[in-house]
Amino acid sequence: VARGLRPRLDPSTPVGRMAATAQAYAEYNRDRPEAAEAALREAGLLGTPEGRFVQARIAWDAGRREEALARLRELTAAVPE
């Protein structure tokens, strides 16, 4: 569903961001981390809190624990509340 909706929605709007993030999570949950990162990249969301969190989960699952923890620390510092 998100893959069909996302191209029609502006990723700078809340609904567009939600659709792109949903697509990234769907790809991640289907064990397609490259497609998850591509969805975030295409929507310009790699640097957003949502995108950074997905990237941290991908790094953790890939065994890159230190990278994942560093991403989470950076995210926590950037968005403390």
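The shortest heavy-atom contact between Ile58 and Ala36 is CD1-CB, 4.0 Å. Across all non-hydrogen atoms, the minimal contact from Ala20 to Ala39 is O-CB, 4.4 Å.
Under the 4.5 Å side-chain criterion, counting only non-hydrogen atoms from C-beta, Asp61 is not in contact with Pro33.
Scored by the side-chain hydrogen bond (donor to acceptor under 3.5 Å, both in side chains) test, Glu74 finds no partners at all (sequence neighbours excluded). A search for side-chain hydrogen bond (donor to acceptor under 3.5 Å, both in side chains) contacts involving Arg64 returns Glu67, not counting sequence neighbours. Applying the side-chain hydrogen bond (donor to acceptor under 3.5 Å, both in side chains) criterion to Glu50, with sequence neighbours excluded, gives Arg17, Thr48.
The backbone N or O of Trp60 sits less than 3.5 Å from a side-chain atom of Arg65, completing a donor-acceptor pair.
To the nearest 0.5 Å, the span separating CG on Leu40 from CD on Gln55 amounts to 6.5 Å. A distance of 9.5 Å separates CZ of Arg52 from OG1 of Thr76, quoted to the nearest 0.5 Å. Annotation: the span from Leu45 atom CG to Arg41 atom CZ amounts to 11.5 Å, rounded to 0.5 Å.
Note on Tyr25: it clusters hydrophobically with Leu46, by side-chain heavy-atom contacts below 4.5 Å among ILVMFWY residues.
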Q: Just do the side-chain contact (heavy atoms from CB on, under 4.5 Å) check on Glu37 and Tyr28 with the steps written out, would you?
A: CA-CA 9 Å; Glu37 287 186 327; Tyr28 167 80; over 6 Å; no
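Within 6.0 Å of CG on Asp31 lie no more than 12 heavy atoms contributed by other residues, nucleotides or ligands. No more than 12 heavy atoms of other residues, nucleotides or ligands sit less than 6.0 Å from atom CZ of Phe53.
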